[in-house]
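As the structure is a computational prediction, the values presented were derived from the model and not from experiment.
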Amino acid sequence: MSFKTLAMCALLALQFLGGLAKPTDTSAAEELVRTPSGLVPKSKVHVVPEGGRVHQTAKEVQLINADGTILHSAPLTGFKTVSGQPKVSRNPHTIAPRALKSGYVAYTNWIYKGSSHLSSFSTSWVVPPPPEKKDGQLLYYFNALVPTPSCCPGITSILQPVLQFGKSATGGGAYWSVASWYLINGVAYHNNATQVQPGQNLTGVIDLISTSTSGSNTTYNWNSTFLGIPGSALSITTMNPLDKAIEALEIYNTPAAADLPTGTTIMTNINIRTQDNHNPPVLWTAFSDATDKILMTVISNSSTNGTVEITYQNP
């Protein structure tokens with residue numbers, strides 16, 4: 001398959017994910033900050049305080065403090081679409097000239113199509129060694145859940161426990177750190193970064209804690225966290241199930257191979273469960289940046305101990 005064809009496939013696969021951040025104009029006066037959706041206006045990025053949560057209603061998304069006070073609300077309207085789908089934007093404006101592709105460069109995805117809904121998704125991996133070069137690159141590794149396009153017209157969101165190298169809106173720097181993010185219709189919510197060490201074992205977990213029903217509406221209460229790192233926990237409520245699973249490496253401001261780790265990153269112990277307490281059959285679809293030799297390989301499609309592997313080119 002040619003690189004051009006691969007790129008088109010990846011673009012189509014990420015149609016709704018690319019729309020997580022509303023297209024931005026770097027000439028605007030407002031400061032832009034880094035998120036797993038690229039550069040986003042600072043006013044649309046919010047820290048979730050300890051004990052707080054993000055709550056979606058039919059008309060808006062609320063940031064709620066631990067004492068129940070609404071700290072911020074954002075309407076669900078005003079999101080640009082193309083032919084009924086969120087507009088693709090890979091936020092091409094980068095901080096410095098680059099050689100490597102930006103955005104999702106190695107990833108897998110899979111959609112659950114059964115009679116229930118997903119209720120748990122966890123993945124384990126080891127924090128890689130730091131890149132040889134440290135020149136402002138931003139690397140994100142994560143497992144994530146998102147709503148399927150057919151489920152929720154007009155809603156583009158992603159819930160993800162994220163390992164990052166570099167500095168983003170959560171904090172961080174030229175070292176590894178973790179935080180959880182929830183991005184919905186161009187607005188980002190996160191907790192603050194907690195530093196982790198190369199060689200440290202991580203397990204990113206997204207769990208459905210409970211559901212409640214009022215009339216025809218069901219509310220889903222989710223939690224995203226890294227096991228054993230309390231500061232990484234993020235609680236949200238949504239009005240939609242999250243039935244699409246993703247494993248990914250996402251990069252920005254990464255000029256060369258030396259700005260990435262070397263060798264491989266193995267994302268394993270992948271466990272996926274549904275609300276009716278089954279482990280469904282899984283068939284991952286993998287996408288790679290073949291030109292830059294950043295490859296995603298499916299080792300096992302198991303829903304109780306699955307494995308995918310990211311391989312980097314040698315500097």
Exercise. Is it true that a side-chain atom of Ser288 and a backbone atom of Ala290 form a donor plus acceptor pair closer than 3.5 Å?
Worked result: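 Answer holds: no.
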
Exercise. Between Ser224 and Ser180, is any side-chain donor less than 3.5 angstrom from a side-chain acceptor?
Worked result: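 Side chains of Ser224 and Ser180: pair found under 3.5 Å.
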
Exercise. Any sub-3.5 Å donor-acceptor pair from Asn191's side-chain atoms to Ala233's backbone N or O?
Worked result: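 Checked: pair present.
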
Problem set entry | Interatomic spacing from NZ in Lys133 to OG1 in Thr254 - rounded to 0.5 Å |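 Interatomic distance, Lys133 NZ to Thr254 OG1, rounded to 0.5 Å: 11.0 Å.
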
Problem set entry | Side-chain donor-acceptor pair present, Ser37, Thr35, cut-off under 3.5 Å |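 No donor-acceptor contact under 3.5 Å links the two side chains.
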
Exercise. Are the side chain of Asn269 and the backbone of Asn305 linked by a donor-acceptor contact shorter than 3.5 Å?
Worked result: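 Answer holds: no.
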
For this session: Going by the ring-ring contact (aromatic ring centres under 6.0 Å, His included) test, name the single residue among Phe165, Tyr104, Trp176, Phe226 that passes it with Tyr141.
Result: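 Of all the options given, the one that passes is Trp176.
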
Exercise. Below 4.5 Å, heavy atoms only, C-beta onward: do Ile229 and Val178 meet side chain to side chain?
Worked result: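 A side-chain contact exists here, since the closest heavy-atom pair is under 4.5 Å.
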
Problem set entry | Under 3.5 Å side-chain donor-acceptor pair for Ser232 and Thr225 |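 Present: a donor and an acceptor within the cut-off.
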
Exercise. Would Met239 and Leu234 show up in the same hydrophobic cluster when neighbours are defined by side-chain heavy atoms closer than 4.5 Å?
Worked result: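 No, no single cluster joins them.
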
For this session: Enter the distance from Lys244:NZ to Lys113:NZ here, rounded to the nearest 0.5 Å.
Result: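 With rounding to 0.5 Å, NZ (Lys244) is 10.0 Å from NZ (Lys113).
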
Exercise. Hey, what's the ring geometry for Phe121 with Trp284, parallel, tilted or perpendicular (30° and 60° as the breaks)?
Worked result: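 It falls in the tilted class, 30° to 60°.
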
Exercise. Are the side chain of Asp243 and the backbone of Pro147 linked by a donor-acceptor contact shorter than 3.5 Å?
Worked result: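 No; judged by distance alone, with no hydrogens or angles, the pair does not exist.
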
For this session: Answer yes if the side chains of Asn221 and Thr237 hold a donor-acceptor pair under 3.5 Å, and no otherwise.
Result: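 Distance-only check fails for Asn221 and Thr237.
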
Problem set entry | Flag for Tyr112-Thr148: side-chain donor and acceptor within less than 3.5 Å |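 No, Tyr112 and Thr148 have no side-chain donor paired with an acceptor closer than 3.5 Å.
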
Problem set entry | Side-chain (Glu247) to main-chain (Val308) donor-acceptor, under 3.5 angstrom |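 Side chain of Glu247 to backbone of Val308: no pair is present.
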
For this session: May I ask you to test the Val45-His190 pair for a side-chain heavy-atom distance under 4.5 Å?
Result: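 Val45 reaches His190 side chain to side chain.
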
Exercise. With side chains defined as the heavy atoms from C-beta onward, is the minimum distance between Pro36 and Ile158 less than 4.5 Å?
Worked result: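 No, too far: nothing below the 4.5 Å cut-off.
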
Exercise. Checking Gln164 side chain against Gly171 main chain: does a donor-acceptor pair fall under 3.5 Å?
Worked result: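 Pair found, side chain donor or acceptor close to backbone of Gly171.
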
For this session: Compare all side-chain heavy atoms of Asn253 with those of Leu138 and state whether any distance is below 4.5 angstrom.
Result: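 No, every pair of side-chain atoms sits at 4.5 Å or beyond.
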
For this session: Take Leu39 and Tyr252 through the test side chain to side chain contact (heavy atoms under 4.5 Å, CB included) and record every step on the way to the result.
Result: CA-CA 10 Å; Leu39 295 172; Tyr252 295 97; over 6 Å; no

Exercise. With a 4.5 Å heavy-atom cut-off, do Val205 and Pro161 have their side chains touching?
Worked result: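 The answer is no; the side chains never approach within 4.5 Å.
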
Exercise. When rounded to the nearest 0.5 angstrom, what is the spacing between OG1 in Thr268 and CD in Glu309?
Worked result: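 The OG1 atom of Thr268 sits 10.0 Å away from the CD atom of Glu309.
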
For this session: Measure the shortest side-chain to side-chain distance between Pro261 and Leu139 over non-hydrogen atoms and say whether it is less than 4.5 angstrom.
Result: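 Of all side-chain heavy-atom pairs linking Leu139 with Pro261, at least one is under 4.5 Å.
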
Exercise. Less than 4.5 Å apart, any side-chain heavy atom of Glu30 and any of Ser43?
Worked result: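 In short, these two side chains touch, coming nearer than 4.5 Å.
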
Problem set entry | NZ (Lys293) with more than 12 external heavy atoms under 6.0 Å |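 Counting other residues, nucleotides and ligands, NZ of Lys293 stays at 12 neighbours or fewer.
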
Exercise. Are any of the side-chain heavy atoms of Val105 and Leu100 separated by less than 4.5 Å?
Worked result: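 Of all side-chain heavy-atom pairs linking Leu100 with Val105, none is under 4.5 Å.
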
Exercise. How about Asp207 and Ser120: does a side-chain donor come under 3.5 Å of a side-chain acceptor?
Worked result: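 Note: Asp207 and Ser120 side chains meet the donor-acceptor criterion.
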
For this session: Count the heavy atoms of every other residue, nucleotide or ligand shown that sit under 6.0 Å from CD of Glu50, and state whether that count exceeds 12.
Result: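 12 or below, so no.
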
Problem set entry | N/O donor-acceptor pair under 3.5 Å between Asp292 side chain and Lys101 backbone |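 Present.
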
Exercise. Should Asn271 and Asn279 be marked as a side chain to side chain contact (heavy atoms under 4.5 Å, CB included) after you check the CA-CA gap, both sets of side-chain angles, and the distance that decides it?
Worked result: CA-CA 8 Å; Asn271 189 294; Asn279 294 97; 3.5 Å; yes

Exercise. How long is the gap from CG on Leu183 to NZ on Lys44, to the nearest 0.5 Å?
Worked result: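 The distance works out to 12.5 Å.
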
For this session: Indicate if Met296 and Tyr312 have the same hydrophobic cluster label, given that clusters are the connected sets of ILVMFWY residues with side-chain heavy-atom separations under 4.5 angstrom.
Result: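 Yes.
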
Exercise. Can you list the steps and then say if Ile184 with Ile236 is a side chain to side chain contact (heavy atoms under 4.5 Å, CB included)?
Worked result: CA-CA 11 Å; Ile184 178 168; Ile236 70 164; over 6 Å; no

Problem set entry | Main-chain N/O of Leu71 paired to Asn65 side chain as donor or acceptor, under 3.5 Å |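 Pair absent, no side-chain N/O of Asn65 close to backbone of Leu71.
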
Exercise. Does Ser119 use its side chain to pair, donor to acceptor, with the backbone of Thr274 at less than 3.5 Å?
Worked result: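 Yes: the side chain of Ser119 pairs with the backbone of Thr274.
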
For this session: May I ask whether Tyr189 and Leu76 are part of the same hydrophobic cluster, defined by side-chain heavy atoms of I, L, V, M, F, W, Y residues being less than 4.5 angstrom apart, directly or through others?
Result: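 Yes, same cluster.
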
Problem set entry | Nearest-0.5 Å distance, CG of residue Leu163 to CG of residue Leu249 |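 Taking CG in Leu163 and CG in Leu249, the distance rounds to 10.0 Å.
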
Problem set entry | Spacing of CD belonging to Gln56 relative to CH2 belonging to Trp222, to within rounding of 0.5 Å |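 Nearest 0.5 Å value for the CD-CH2 distance: 12.5 Å.
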
Exercise. Between Gln160 and Phe142, is there a donor-acceptor pair closer than 3.5 Å when you use the side chain of the first and the backbone of the second?
Worked result: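 Not at all, since once roles are kept as given, no pair shorter than 3.5 Å links the two residues.
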
For this session: Give the cluster check for Leu118 versus Val282: same hydrophobic cluster or not, with ILVMFWY residues linked at side-chain heavy-atom distances below 4.5 Å.
Result: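 The answer is yes; both residues are in one hydrophobic cluster.
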
